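Working notes for the structure below.
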Protein chains: 2
Amino acid sequence: MSDQEGRFREYLGAKGLRITPERQAVLTAVLGIQGHFTADQLYLRLERKNPRASRATVYRTLEHLVGSGLVDKVDLGGQQAFYENFYGREHHDHLICLGCGEIIEFTSRAIEELQDSVCREHQFEARSHSHKILGHCRKCH
Amino acid sequence: MSDQEGRFREYLGAKGLRITPERQAVLTAVLGIQGHFTADQLYLRLERKNPRASRATVYRTLEHLVGSGLVDKVDLGGQQAFYENFYGREHHDHLICLGCGEIIEFTSRAIEELQDSVCREHQFEARSHSHKILGHCRKCH
DNA sequence: GTTGAGATTGAGACTAAGTCTCGACTACTG
DNA sequence: CAGTAGTCGAGACTTAGTCTCAATCTCAAC
Ligand SMILES: [Mn+2]
Ligand SMILES: [Mn+2]
Ligand SMILES: [Zn+2]
Ligand SMILES: [Zn+2]
């Protein structure tokens, strides 16, 4: 049992939720994906596996995975929500190429600190943030 | 004729688009709104006026207003797009209260500069960005 | 092991926001 | 003032996700 599986079970247990084959299948599928993915891409992967999971279950399970901290839901614009494996990773933001769709991750301690001070100035208690920069990547100039 | 109206007419003219009563009605309604609004709120205002404008026309005209720089489309999360009057204003980002929905605007030259340097590092040509911070405002702690 | 309360599931109906279609209409140019 | 695009509105359609509910399953307590 992977660390992730342990963490997920713990999370479910603590909330009186059950460990089901569908939830395990979703977790396994998520762990096998690299990079950013949509709920639908995840569903498509699971569709032909056994055990499978319905679209409804995929959405429901993703919420639990986000709740347990294993997955991060990220707003990359467009109409669909994106998700990414978050286990062992740390917060970052994104550059999104309008040409080829490439997603580049960035972290900036300095920006995060300035954010904090903006919040302090406004006596605002930040819970989360989303910072994305749209433009063209090196290859797409 | 206001500056805004002049600017809009100029924009339309330059693109071979027509100045119609519906488009004028939308512009007038937009100018009468303060703060951030949704397409639907705008449509509701116009519904009972004369001339009115259909939902389709409201959406279509908003695009032209954004194109002309009179209106800014801002991503505040949630499912609907928000817009705001942008004439004579400058770029800013938003703090969004999860409690009461209040929207606080902020500007940070320092953050914008750090953004630029992040882009430079990745040889990324920024076109636009969206930076929002979710949390609780002073009144909602 | 059996059992029952309560959690979970999948199919498909539903919602919400916005886009698209197309026949009727209208602004502008010459 | 006529012809040609551009524009309009009604409503069908799309997309992403949520909700409903009857059937099924999990798990802790016997
Ligand atoms: Mn990422
Ligand atoms: Mn604003
Ligand atoms: Zn690119
Ligand atoms: Zn508040």
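All figures in this text were calculated on a predicted structure; none of them were measured in a lab. First the proteins, then the strands, lettered A, B, ... as listed; each starts at 1.
Ring geometry for A:His129 versus A:His91: interplanar angle over 60°, hence perpendicular rather than tilted (30 to 60°).
Distance CD (B:Gln41) to C1' (C:dA17): 13 Å, rounded to an integer number of Å. Rounded to whole angstrom, the span from the CZ atom of A:Arg23 across to the P atom of D:dT24 amounts to 19 Å. Here C:dA17 presents its C1' atom at 14 Å from CG of B:Asp75, a figure rounded to the nearest Å. B:Lys49 places its NZ atom 19 Å from the C1' atom of D:dG9, with the value rounded to the nearest Å. The CZ atom of A:Arg55 sits 12 Å away from the C1' atom of C:dA11 (whole-angstrom rounding). Nucleotide D:dA16 holds its C1' atom 14 Å from the CG atom of A:Leu44, rounded to whole Å. Residue B:Asp40 contributes atom CG, which lies 8 Å from atom P of C:dG18 at whole-angstrom precision. Taking atom CG of B:Asn50 as the reference point, atom P of D:dG9 lies 12 Å away to the nearest angstrom.
Interatomic distance, A:Leu95 CG to A:Cys137 SG, rounded to the nearest 0.5 Å: 10.0 Å. To the nearest 0.5 Å, atom OG1 of residue B:Thr28 and atom CD1 of residue B:Ile33 are 11.5 Å apart. To the nearest 0.5 Å, atoms CG (B:Leu98) and OG (A:Ser128) are separated by 6.5 Å.
Place B:Tyr83 and A:Val58 on DNA chain C by their nearest nucleotides, and A:Val58 ends up nearer the 5' end.
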Nucleotide N/O of nucleotides 10-15 of chain D paired with protein N/O under 3.5 Å:
none

Output a table of nitrogen or oxygen pairs between the protein and nucleotides 27-30 of chain C separated by less than 3.5 Å.
{"unit_1": "C:dA27", "atom_1": "N3", "unit_2": "B:Arg18", "atom_2": "NH1", "d": "3.0"}
{"unit_1": "C:dC28", "atom_1": "OP1", "unit_2": "B:Ile19", "atom_2": "N", "d": "3.3"}

Could you write out each protein N or O paired with an N or O of nucleotides 28-30 of chain D at a distance under 3.5 Å?
none

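For the residue pair A:Gln24/A:Arg9, the side-chain donor-acceptor check at 3.5 Å is satisfied. Between the side chains of A:His136 and B:Glu125, no donor N or O sits under 3.5 Å from an acceptor N or O.
Proximity of the aromatic rings of A:His131 and B:His131 is defined here by a centroid distance below 6.0 angstrom, and this criterion is met.
Linking ILVMFWY side-chain heavy atoms closer than 4.5 Å, directly or via other members, places A:Phe106 and A:Phe82 in two distinct hydrophobic clusters. Cluster annotation: A:Tyr83 and A:Tyr43 are assigned to the same hydrophobic cluster (Ile/Leu/Val/Met/Phe/Trp/Tyr, side-chain heavy-atom contacts under 4.5 Å, transitive).
Checked for salt-bridge contact, A:Arg89 and A:Glu105 meet the test: a charged N lies under 4.0 Å from a carboxylate O.
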Side chains of residues 65-79 of chain B: which donor-acceptor partners sit under 3.5 Å, not counting sequence neighbours?
{"unit_1": "B:Ser68", "atom_1": "OG", "unit_2": "B:His64", "atom_2": "O", "d": "3.4"}
{"unit_1": "B:Ser68", "atom_1": "OG", "unit_2": "B:Leu65", "atom_2": "O", "d": "2.9"}
{"unit_1": "B:Asp75", "atom_1": "OD1", "unit_2": "B:Gly77", "atom_2": "N", "d": "3.0"}
{"unit_1": "B:Asp75", "atom_1": "OD1", "unit_2": "B:Lys132", "atom_2": "NZ", "d": "3.2"}
{"unit_1": "B:Asp75", "atom_1": "OD2", "unit_2": "A:Lys132", "atom_2": "NZ", "d": "2.8"}
{"unit_1": "B:Asp75", "atom_1": "OD2", "unit_2": "B:Lys132", "atom_2": "NZ", "d": "3.1"}

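With the end axes of the helix from C:dG1-D:dC30 to C:dG30-D:dC1 each set by five pairs, the angle from one to the other reads 30° at 10° resolution.
Dashed line: the shortest gap from a side-chain N or O of B:Tyr59 to OP1 or OP2 of C:dT19 is not under 4.0 Å.
Within the 4.5 Å cutoff, no side-chain heavy atoms of A:Gln34 are placed close to those of A:Glu84. For the pair A:Leu27 and A:Thr61, the minimum side-chain heavy-atom distance is 4.5 Å or more.
Scored by the ring-ring contact (aromatic ring centres under 6.0 Å, His included) test, A:His36 finds A:His94 as partners (sequence neighbours excluded).
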